[in-house]
Amino acid sequence: MTETPQTRTDAPTLSAQYQPGEVERRRYEGWVSAGHFRADASSDRPPFSIVIPPPNVTGSLHVGHALDHTIQDTLVRRRRMQGYEALWLPGMDHAGIATQNVVERQLAAEGLSRHDLGREKFVERVWQWKAESGGAILGQMRRLGDSVDWDRERFTMDDGLSRAVQTIFKRLYDGGLIYRAERIINWCPRCLTALSDIEVDHTEDDGELVSIRYSDDVVVATTRAETMLGDTAVAVSPDDERCKHLIGTEVELPLTGRRIPIVADEHVDPSFGTGMVKVTPAHDPNDFEIGQRHGLPSLTIMDERGVITAHGPFQGLDRFEARPAIVAALRAQGLIVAEKRPYVHAVGHCSRCKTTVEPRLSLQWFVNTGPLAKAAGDAVRDGRTRIEPPELAKRYFGWVDNMHDWCISRQLWWGHRIPVWYGPDGEVVCVGPDEQPPSGDGWRQDEDVLDTWFSSALWPFSTLGWPDATPDLAKFYPTSVLVTGYDILFFWVARMMMFGLYAMKEQPDSHAVPFRVVALHGIVRDQHGKKMSKSFGNVVDPLDWIDRFGADATRFTLARGANPGSDVAVSEEWVQGSRNFCNKLWNATRFALMNGAHTEGELPATLSTVDKWILSRLQHVVTEVDQQLEGFEIAKACDTLYHFAWDDVCDWYVELVKPVLAAGGEAGDASRRVLGHVLDQLLRLLHPVMPFVTDELWTALTPGQTVVTAAWPVTDSALVDDAAEAELATVQRVVTEIRRFRSDQGLRPGQRVTARLGGLAGAGIAAHEPLIRSLVRLDEPGDGFAATATLAVTGAIGVELDTRGAIDVAAERARLEKDRAAAQKEAGQCRAKLGNPAFVDKAPEPVVNKIKDRLAAAEADLARIAAALGALPAS
RNA sequence: GGGCGCGUAGCUCAGUGGAAGAGCACUCGCCUUACAAGCGAGGGGUCGCAGGUUCGAAACCUGCCGCGCCCACCA
């Protein structure tokens with residue numbers, strides 16, 4: 001076969017190794033300029049839409065984004081191939097507090113604060129930073145191969161989205177679901193802003209619990225002694241006999257001389273500590289509630305930076321300086337009854353800067369989440385939106401069913417300014433997007449901006465043009481799937497559900513939800529399952545992997561671990577493995593092209609068993625992969641394709657057809673067409689996960705076309721062929737057994753082996769004798785044998801192997817004895833089962849038959865092993 | 001404190017009632033004319049522990065042990 005038959009003259013020559021870099025750049029630009037990713041709202045194809053979870057403009061994409069994007073791209077590319085009008089809408093989030101912090105740090109490096117610039121100049125500066133940082137993210141998305149519609153890129157602060165924000169704010173305000181109130185909120189004394197519950201991280205911190213004697217009868221315990229300056233009552237349980245006599249009396253608050261009442265409140269647990277609680281309504285959420293119930297005054301003793309403002313010796317001290325100072329002062333007066341003792345308790349920290357959060361009484365804007373959260377829960381409960389995997393729906397319910405009102409005002413400059421104006425006489429006017437704000441002396445706009453998540457919550461419809469009735473909104477809302485990590489199920493997904501249902505409530509119920517399915521994945525971890533963190537030094541940059549191994553290898557590695565809802569462990573070695581897989585595909589296609597494989601015309605009517613077998617296997621794979629992707633089981637789809645490509649196609653089919661292709665003739669022609677078809681279909685199936693290499697190869701196989709818009713494979717049940725699969729299974733077993741013999745015997749490659757395969761005739765394998773010989777490199781029968789071993793591969797099939805050197809009879813005997821022991825055990829187990837009347841009676845028939853088959857096989861094996869042992873020469 | 005989840009090969013993980021699996025790692029043998037980023041053959045697991053349900057359990061139930069995550073206003 002020096003002359004390769006029928007090599008196509010137009011087939012491109014491929015190098016021996018896949019070089020991703022150049023291919024990726026060329027392919028991506030080609031896709032974009034051809035407009036393959038542009039969605040058309042006016043088409044009559046069925047819609048499929050995904051909005052990207054908008055990354056923060058501040059950051060760069062990490063490997064978690066790469067996972068998130070790979071999953072989305074896989075879903076979108078498959079739907080596109082299936083003929084859907086597929087839209088993947090890209091964009092970014094302005095990330096209010098995070099971005100403002102970054103720019104403030106830059107300013108600090110220049111020795112400036114935002115106040116030095118003033119609001120307008122500062123915001124300008126943030127926009128500049130956004131342009132730089134955002135550009136880098138878009139570049140990363142191109143490198144990943146994201147098939148997003150660049151014409152529809154959005155930003156949470158662009159004009160359209162700002163209008164959406166103002167519109168929904170006005171609607172909620174008019175509907176009574178947004179209100180302004182003085183409440184205890186989480187306050188960051190460093191960022192100088194309110195935070196919502198989800199912007200607070202709790203950690204178990206060591207504190208010290210001290211007990212303070214307020215009077216002979218009144219002793220309270222606290223970890224925050226400094227707040228006593230703001231106490232306006234002591235509370236006891238109404239059921240506590242020890243304290244009954246105190247209710248309604250007063251006590252003098254040490255260090256202040258103020259007299260405060262003792263009240264009875266249900267909140268107090270009589271079994272904890274002394275059963276008496278100091279009440280500081282202005283600095284503790286519980287105490288605030290108690291204060292409300294008893295009409296207690298709220299005494300603020302700290303400013304926004306956490307510095308004591310209460311008159312007296314502690315004024316001007318930071319809260320953490322004031323604590324020991326006050327304890328010391330109390331001790332000096334003999335009022336510390338129990339020494340400090342260590343006490344572990346949960347302390348809130350600002351999720352952005354880690355500063356200890358201070359509960360602070362202040363005037364803020366809130367969303368009344370009650371009705372919104374109820375609707376968000378119901379939509380999942382009744383299946384209008386499905387959460388995948390379903391187990392995670394419990395977490396979702398836990399969140400929406402227990403949601404507190406949402407503090408949405410932030411004392412920041414970067415964000416959507418609250419569209420409320422205050423008049424000189426205390427008027428409050430909420431201004432809609434198409435209305436003029438009130439003008440004239442004394443009118444001013446609220447200084448605060450909205451929580452970033454307020455605009456993120458609108459993302460699935462604000463990006464499609466809402467509040468206008470745009471063609472995009474009509475075509476692509478509700479979006480088909482939301483793909484995101486389970487870690488933001490609560491704060492983002494739940495809020496999109498709330499606002500989507502509210503904004504779209506004029507739609508029929510089933511069309512108001514922002515997405516039909518929420519497909520959740522986990523976070524990316526390192527090869528030991530450790531969370532990636534900068535301090536641990538195990539963070540990987542997806543671009544680094546893309547540079548060294550290619551985008552497809554990076555994507556395949558992540559996709560291969562993407563079991564729904566579970567974390568993904570990755571390491572560089574695994575990316576290498578994926579890179580090797582890309583190369584395997586590359587070389588398989590290269591081999592095919594060198595041997596004249598093609599995709600022209602129908603499949604041949606007459607097919608060899610081998611061709612029938614691979615086509616049958618392909619049908620199973622098409623069915624399986626399709627189901628797996630439909631169910632978001634991307635990891636399983638990858639696994640199915642990996643093994644089909646590597647094991648079935650490369651290791652078996654290609655090796656089996658080599659002699660056929662070399663021999664030429666009609667059989668060769670048929671196999672050329674089949675090989676072309678199998679690769680064509682395989683590359684289509686793999687394309688959603690590994691878009692670059694598959695397109696490069698598919699185009700080589702089908703010049704002038706792209707797999708991006710090629711049709712997604714469909715199962716052809718006429719090609720399923722059980723008989724061919726069974727026949728090939730036998731061939732594979734024969735081949736493997738012969739190879740095992742050679743390997744066990746340590747036969748050198750140059751050492752000649754002869755086999756008589758006559759015994760195969762009974763199983764219809766005789767026709768494949770040339771194939772088997774070619775796969776195990778057997779010579780034709782010869783003479784001059786020095787030793788003979790007989791191996792019965794299956795019960796009915798015998799293979800005689802002759803070697804020209806003496807075989808290791810002892811080794812072969814040991815092997816056969818081992819096999820015999822295994823077969824005996826197997827037979828014993830089967831007999832025991834079949835001898836159990838309960839089993840035969842109750843087990844389903846197919847199961848019983850299976851056991852009978854196993855027993856028959858084991859008995860046949862025993863027979864053949866006995867024969868083989870008998871044929872072994874004496875040692 | 002409440003809730004959820006996990007414990008299967010050295011590592012990371014599939015496997016939800018009918019013969020213990022994959023990738024990587026490991027051992028041995030091969031530069032076989034698509035690919036050494038490759039080919040062939042192997043070794044390796046009382047499926048956390050103890051009970052229970054069942055003809056049959058890695059899978060279902062109970063308890064225990066060991067991890068992890070989320071939520072949380074007992075001073």
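No experiment lies behind these values; they were computed from the predicted model shown. Protein chains get the first letters and strands the later ones, always in sequence-line order, with residue 1 at the start of each.
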Which pairs would a plain distance check flag for residues 845-857 of chain A, meaning a side-chain donor or acceptor within less than 3.5 Å of a matching protein atom at least two apart in sequence or in another chain?
unit_1: A/R854; atom_1: NE; unit_2: A/E826; atom_2: OE2; d: 2.9
unit_1: A/R854; atom_1: NH2; unit_2: A/E826; atom_2: OE2; d: 3.4

Whole-angstrom distance between [N] and [M], as gauged at atom [atom1]:
N	M	atom1	answer
B/A50	B/C4	P	26 Å
B/A25	B/G43	C1'	13 Å
B/G23	B/C61	C1'	34 Å
B/G42	B/A22	P	12 Å
B/U12	B/G17	P	27 Å
B/G68	B/C13	P	14 Å
B/U8	B/A59	C1'	11 Å
B/U16	B/A58	P	14 Å

N/O (side chain, [X]) to phosphate O (OP1/OP2, [N]) under 4.0 Å:
X	N	result
A/K530	B/U12	no
A/N583	B/G38	no
A/T640	B/A22	no
A/K636	B/G15	yes

Expressed in angstrom and rounded to an integer, what is the separation of [X] atom [atom1] from [N] atom [atom2]?
X	N	atom1	atom2	answer
A/E633	B/A14	CD	P	11 Å
A/D240	B/A75	CG	P	18 Å
A/N587	B/A36	CG	P	7 Å
A/I738	B/C30	CD1	P	20 Å
A/E624	B/G15	CD	C1'	14 Å
A/D567	B/G7	CG	C1'	15 Å
A/Y396	B/C4	OH	C1'	18 Å

Would you tabulate the pairs of protein nitrogen or oxygen atoms and nucleotide nitrogen or oxygen atoms of nucleotides 40-46 of chain B closer than 3.5 angstrom?
unit_1: B/G40; atom_1: O3'; unit_2: A/R739; atom_2: NH1; d: 3.4
unit_1: B/A41; atom_1: O2'; unit_2: A/S743; atom_2: OG; d: 3.3
unit_1: B/G43; atom_1: OP1; unit_2: A/K818; atom_2: NZ; d: 3.1

Using the test side chain to side chain contact (heavy atoms under 4.5 Å, CB included), find all partners of A/V540 that sit at least two apart in sequence or belong to another chain.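 Checked A/V540 against side chain to side chain contact (heavy atoms under 4.5 Å, CB included); matches are A/V63, A/M532, A/W545.
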Categorize [X] for me: base, sugar-phosphate, or nothing, with a 4.0 angstrom heavy-atom threshold over every strand shown.
X	result
A/R224	nothing
A/S571	nothing
A/V654	base
A/N402	nothing
A/R579	base
A/Q527	sugar-phosphate
A/E826	base
A/C650	base

Residue matched to [N] through Watson-Crick or wobble contacts both under 3.5 angstrom:
N	value
B/C47	none
B/A34	none
B/U27	B/A41
B/C67	B/G5
B/G18	B/C55

Taking the side chain of [X] as heavy atoms from C-beta outward, which of [options] is closest to it?
X	options	answer
A/D639	B/C70, B/A22, B/C71	B/A22
A/Y642	B/C24, B/C70, B/C35	B/C24
A/R560	B/A22, B/A37, B/C11	B/A22

Quick check on RNA chain B: between A/V847 and A/N563, whose nearest nucleotide comes earlier from the 5' end?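 Of the two residues, A/N563 wins.
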Both A/E573 and A/V568 contact RNA chain B. Taking the nearest nucleotide for each, which residue is further toward the 5' end?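 Final value for this comparison: A/V568.
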Please determine whether any donor N or O and acceptor N or O are separated by less than 3.5 Å between the side chain of [X] and the base of [N].
X	N	value
A/Q576	B/A37	no
A/K584	B/C35	yes
A/E655	B/A34	yes

Under the criterion side-chain contact (heavy atoms from CB on, under 4.5 Å), which of A/T232, A/V218, A/T222, A/L253 is the partner of A/K278?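 For A/K278, the side-chain contact (heavy atoms from CB on, under 4.5 Å) check succeeds only for A/T222.
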Do [X] and [Y] have side-chain N/O donor and acceptor atoms under 3.5 Å apart?
X	Y	value
A/H349	A/T203	yes
A/D231	A/T280	yes
A/D265	A/H294	yes
A/E266	A/S237	no

Enumerate, atom names and distances included, each donor-acceptor pair closer than 3.5 Å involving a side-chain atom of residues 563-576 of chain A, sequence neighbours excluded.
unit_1: A/S566; atom_1: OG; unit_2: A/N563; atom_2: O; d: 3.1
unit_1: A/D567; atom_1: OD1; unit_2: A/Y486; atom_2: OH; d: 2.8
unit_1: A/D567; atom_1: OD1; unit_2: A/I523; atom_2: N; d: 2.9
unit_1: A/D567; atom_1: OD2; unit_2: A/Y486; atom_2: OH; d: 3.3
unit_1: A/D567; atom_1: OD2; unit_2: A/R525; atom_2: NE; d: 2.6
unit_1: A/D567; atom_1: OD2; unit_2: A/R525; atom_2: NH2; d: 3.0
unit_1: A/S571; atom_1: OG; unit_2: A/E573; atom_2: N; d: 3.4
unit_1: A/E572; atom_1: OE1; unit_2: A/R548; atom_2: NH2; d: 2.9
unit_1: A/E572; atom_1: OE2; unit_2: A/R548; atom_2: NH1; d: 3.0

Can a cation-pi geometry be assigned to [X] and [Y], taking NZ or CZ under 6.0 Å from the six-membered ring centre and within 45° of the ring axis?
X	Y	result
A/K584	A/Y642	no
A/R739	A/W652	yes
A/R183	A/F288	no

Enumerate the protein-to-nucleotides 55-57 of chain B contacts in which both atoms are nitrogen or oxygen and the separation is below 3.5 Å.
unit_1: B/C55; atom_1: OP1; unit_2: A/K842; atom_2: NZ; d: 2.1
unit_1: B/C55; atom_1: O2'; unit_2: A/N836; atom_2: ND2; d: 2.9

Electrostatic pair A/D744:A/R740 at N-O distance under 4.0 angstrom: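 Salt bridge flag = yes for A/R740 with A/D744.
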Could you list the residues that satisfy salt bridge (charged side-chain N to carboxylate O under 4.0 Å, His left out) with A/D284, not counting sequence neighbours?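 Testing A/D284 for salt bridge (charged side-chain N to carboxylate O under 4.0 Å, His left out), a comparison that skips the adjacent residues, returns none.
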